[in-house]
Number of protein chains: 2
Amino acid sequence: MRKIDHVDRQILQILQDDGRTPYTEIAHQLKVSEGTIRSRISRLLLDGVFQFVIRTDPEKLGLNVLAFIGLTTKLGRQKEVAKELAELPEVTFVGAFSGKHDLIIEACFANNNELIVFVNEQLSRIEGIVAADVSLELKQYKESFSYVGVGEDESLPTERG
Amino acid sequence: MRKIDHVDRQILQILQDDGRTPYTEIAHQLKVSEGTIRSRISRLLLDGVFQFVIRTDPEKLGLNVLAFIGLTTKLGRQKEVAKELAELPEVTFVGAFSGKHDLIIEACFANNNELIVFVNEQLSRIEGIVAADVSLELKQYKESFSYVGVGEDESLPTERG
DNA sequence: AATTTATTTTGCGAATTTCGTAATGAAACA
DNA sequence: TGTTTCATTACGAAATTCGCAAAATAAATT
C-alpha cells in the first residue's frame with residue numbers, strides 16, 4: 001500500500017466535512033488537477049483507506065435512546081456472542097476489549113421500553129452472556145467518524161500487513 | 001419536520017452503502033424521477049436527518065490502538081470536562097452517561113505508548129477527572145454509522161421538538 | 001551522472017450527472 | 001367542487017465525472 005501523504009490527508013479532511021464535495025472543487029482548493037484528485041481518491045478507495053457513507057441523526061429517525069452496554073462473557077464464548085450480537089439491527093457497534101468488560105456494544109432504541117425489552121429478552125437469549133452493564137447516553141458532546149489529523153504523517157510506521 | 005417515509009429510508013439505505021451513488025442511479029433503483037430524489041435528499045439534509053461524510057479506516061491511517069475510557073468526574077465539572085475532552089484530536093467520541101461512568105470517551109492512537117502518555121499527561125491535566133477506566137479494543141466485530149432500519153416507520157412517534 | 005523504468009500528474013473531449021425551473025399531478029382543506 | 005399546498009416530473013443548461021494519452025516526476029539501475 002502506497003504511503004498516505006499530505007495531499008491525501010487534505011483530501012480526506014475535505015471529504016470529512018462534505019463527502020460530496022466535487023473533485024473539481026477539491027482540486028481547486030488544493031491547486032492540483034481534477035485528474036489527480038480522482039486518481040488519488042480511487043487509489044484510497046481501492047486500498048480501503050476510506051469509503052463514502054452518510055451519517056444519520058438517530059433522533060431524527062425516532063431513535064431517542066442510545067446505550068453502551070458492557071458485557072461479561074463466559075470464557076470461550078466471546079467470539080460467538082460477539083457475532084450473534086452483530087446480527088441484531090439495534091446493535092450498531094460490537095467490540096472485544098481488554099479491561100472490565102469482555103465486549104462493549106452500542107445499541108439504539110425508540111424509547112426506554114425497547115431498551116429494557118432488548119436487555120431482558122434479546123440479550124438473555126444469547127448463550128454465554130454472564131453480565132450486562134448498561135450505560136444510557138444522556139448527552140453527546142462529540143462524535144467524529146474520521147481519524148484524519150490524529151497522528152500526522154511522521155507517526156506512520158513504514159509498512160503493515 | 002416532514003415525516004420520513006419509506007422512500008426516504010430507501011434513499012438513506014442506498015447512500016449508507018455508497019454515499020456517492022448518483023441521484024440518477026437511486027432514482028432508477030426506486031423507480032422515481034431524479035428530481036424526486038434530489039428534492040427529498042435536499043429536504044433530508046435541510047432537516048438535519050443525515051449528512052454526507054466519509055468513513056476512514058484508523059489502521060490504514062496508522063492508528064492501531066483504539067480505546068474506550070470511562071471517566072468519573074467531580075460533581076459539577078462534568079460538562080466542562082466533556083468540552084475540554086472534545087477539543088482533543090485523539091478523542092473521537094465524548095458522551096455523558098448514566099451508569100458506572102459519568103463520561104465515556106473513545107480515543108485512538110498510533111501505539112500503546114501514545115495511549116499511556118495521553119492518559120498520564122493529557123487526562124491528568126484536566127481539572128475534574130476523578131478516575132479513568134481504560135478499555136483497549138482488541139477486535140471490532142461491527143460498526144455501523146447509520147441507524148436506518150432499526151425501528152421502522154411505525155415506531156416513529158408523531159412529532160418531537 | 002546518465003538512462004531506463006515506473007508512477008503520477010495533466011489536459012482534453014465525451015458521457016454522465018446535477019441543477020434550475022416551470023408544468024403537472026395529487027392530497028388536504030374549505 | 002374549487003382552492004391551496006406540496007411533491008413529482010420533464011427537460012434544457014451548466015457542471016462534474018470519466019477515459020485515455022501525453023507530459024512531467026520520481027525511482028531504480030547501470
Side-chain angles (χ1 to χ4, degrees), chain A residues 1-57 60-62 148 152-154 156-161, chain B residues 1-57 60-62 148 152-154 156-161:
Chain A
M1 203 184 88
R2 213 179 135 293
K3 191 180 185 309
I4 292 160
D5 68 10
H6 187 58
V7 177
D8 293 325
R9 286 188 182 260
Q10 282 184 292
I11 292 172
L12 295 175
Q13 204 105 50
I14 290 169
L15 291 174
Q16 223 175 117
D17 284 334
D18 178 4
R20 278 228 161 178
T21 311
Y23 300 163
T24 49
E25 168 64 20
I26 302 171
H28 181 253
Q29 281 187 39
L30 305 188
K31 303 199 195 315
V32 292
S33 74
E34 175 267 335
T36 298
I37 301 300
R38 182 147 44 98
S39 74
R40 276 168 179 264
I41 284 180
S42 68
R43 183 174 51 69
L44 290 168
L45 287 171
L46 218 61
D47 290 348
V49 174
F50 84 103
Q51 52 196 118
F52 291 106
V53 293
I54 60 170
R55 175 192 176 171
T56 53
D57 181 337
K60 295 283 169 61
L61 292 173
V148 191
E152 272 309 315
D153 298 24
E154 43 280 0
L156 268 171
T158 43
E159 272 292 318
R160 174 171 329 277
Chain B
M1 204 185 89
R2 214 181 132 292
K3 191 179 185 311
I4 293 159
D5 67 10
H6 187 59
V7 177
D8 293 325
R9 286 188 181 260
Q10 282 185 292
I11 292 172
L12 295 174
Q13 203 105 49
I14 289 169
L15 291 175
Q16 223 175 117
D17 283 334
D18 178 4
R20 278 227 160 182
T21 312
Y23 300 163
T24 49
E25 168 64 21
I26 302 171
H28 182 252
Q29 281 187 40
L30 305 188
K31 302 198 196 314
V32 292
S33 74
E34 175 267 336
T36 297
I37 302 299
R38 183 150 41 101
S39 74
R40 277 168 177 264
I41 284 180
S42 67
R43 184 175 50 69
L44 290 168
L45 288 172
L46 218 61
D47 290 347
V49 175
F50 84 103
Q51 52 195 120
F52 291 106
V53 292
I54 60 171
R55 174 191 180 173
T56 54
D57 181 336
K60 295 282 168 64
L61 292 173
V148 190
E152 273 310 315
D153 298 24
E154 42 279 0
L156 268 173
T158 43
E159 272 294 316
R160 177 172 326 277

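As the structure is a computational prediction, the values presented were derived from the model and not from experiment. Just so it is clear: chains get the letters A, B, ... in the order the sequence lines come, proteins before strands, and each one is counted from 1.
Spacing between atom CD1 of A:I11 and atom P of C:dT9 amounts to 9 Å, rounded to whole angstrom units. In this structure, A:K31 places its NZ atom 17 Å from P of C:dT9, rounding to the nearest Å. The separation between B:I37 atom CD1 and D:dA10 atom P is 13 Å, rounded to whole Å. The NE2 atom of A:H6 sits 18 Å away from the P atom of C:dT8 (whole-angstrom rounding). As a whole-Å value, the separation of A:R2 CZ from D:dT25 C1' is 12 Å. Regarding B:I4, its CD1 atom lies at a distance of 14 Å from the P atom of D:dA7, rounded to whole Å. For the pair A:I26 CD1 and D:dC18 C1', the computed distance is 15 Å after rounding to whole Å. The NE2 atom of A:H28 sits 18 Å away from the C1' atom of D:dT17 (whole-angstrom rounding).
Closest contact between the side chain of B:E34 and the listed nucleotides D:dT9, C:dT10, D:dC11 involves D:dC11. In this structure, of D:dT17, C:dT18, D:dT8, it is D:dT8 that holds the atom nearest to the side chain of B:S33. Of the candidates D:dT8, C:dT8, C:dT9, the closest approach to any side-chain atom of A:T36 belongs to C:dT9. With distances taken from any side-chain atom of B:P22 to the nucleotides C:dT17, C:dT9, D:dC11, the minimum falls on C:dT17. Considering only side-chain atoms of B:R38, the nucleotide from C:dT10, D:dA10, C:dC12 that sits closest is D:dA10.
Taking CD from A:Q16 and CZ from A:R9, the interatomic distance works out to 11.0 Å, rounded to the nearest 0.5 Å.
Residue B:R40 is classed as a sugar-phosphate contact, given heavy-atom separations below 4.0 Å to backbone atoms only. Using a 4.0 Å heavy-atom cutoff across all strands shown, A:E25 reaches no nucleic acid atom at all. Here A:R20 lies in heavy-atom contact (under 4.0 Å) with sugar-phosphate atoms only.
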From CA spacing to verdict: salt bridge (charged side-chain N to carboxylate O under 4.0 Å, His left out), A:R43, A:D8: CA-CA 10 Å; A:R43 183 174 51 69; A:D8 293 325; 3.3 Å; yes

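B:T36 and B:S33 form a side-chain donor-acceptor contact under 3.5 Å, judged by distance and modelled atom types alone.
With DNA chain D read from its 5' end, the first of the two nearest nucleotides for B:G35 and A:T21 is the one closest to B:G35.
Cation-pi contact between B:R38 and B:Y23: absent, since separation from the ring centre below 6.0 Å together with deviation from the ring axis within 45° is not met.
Using a distance-only test at 3.5 Å, with no hydrogens or angles considered, a donor-acceptor pair links the side chain of A:K60 to the main chain of B:D47.
Remark: A:S39 is not in phosphate contact with C:dT8, judged by side-chain N or O atoms under 4.0 Å from OP1 or OP2.
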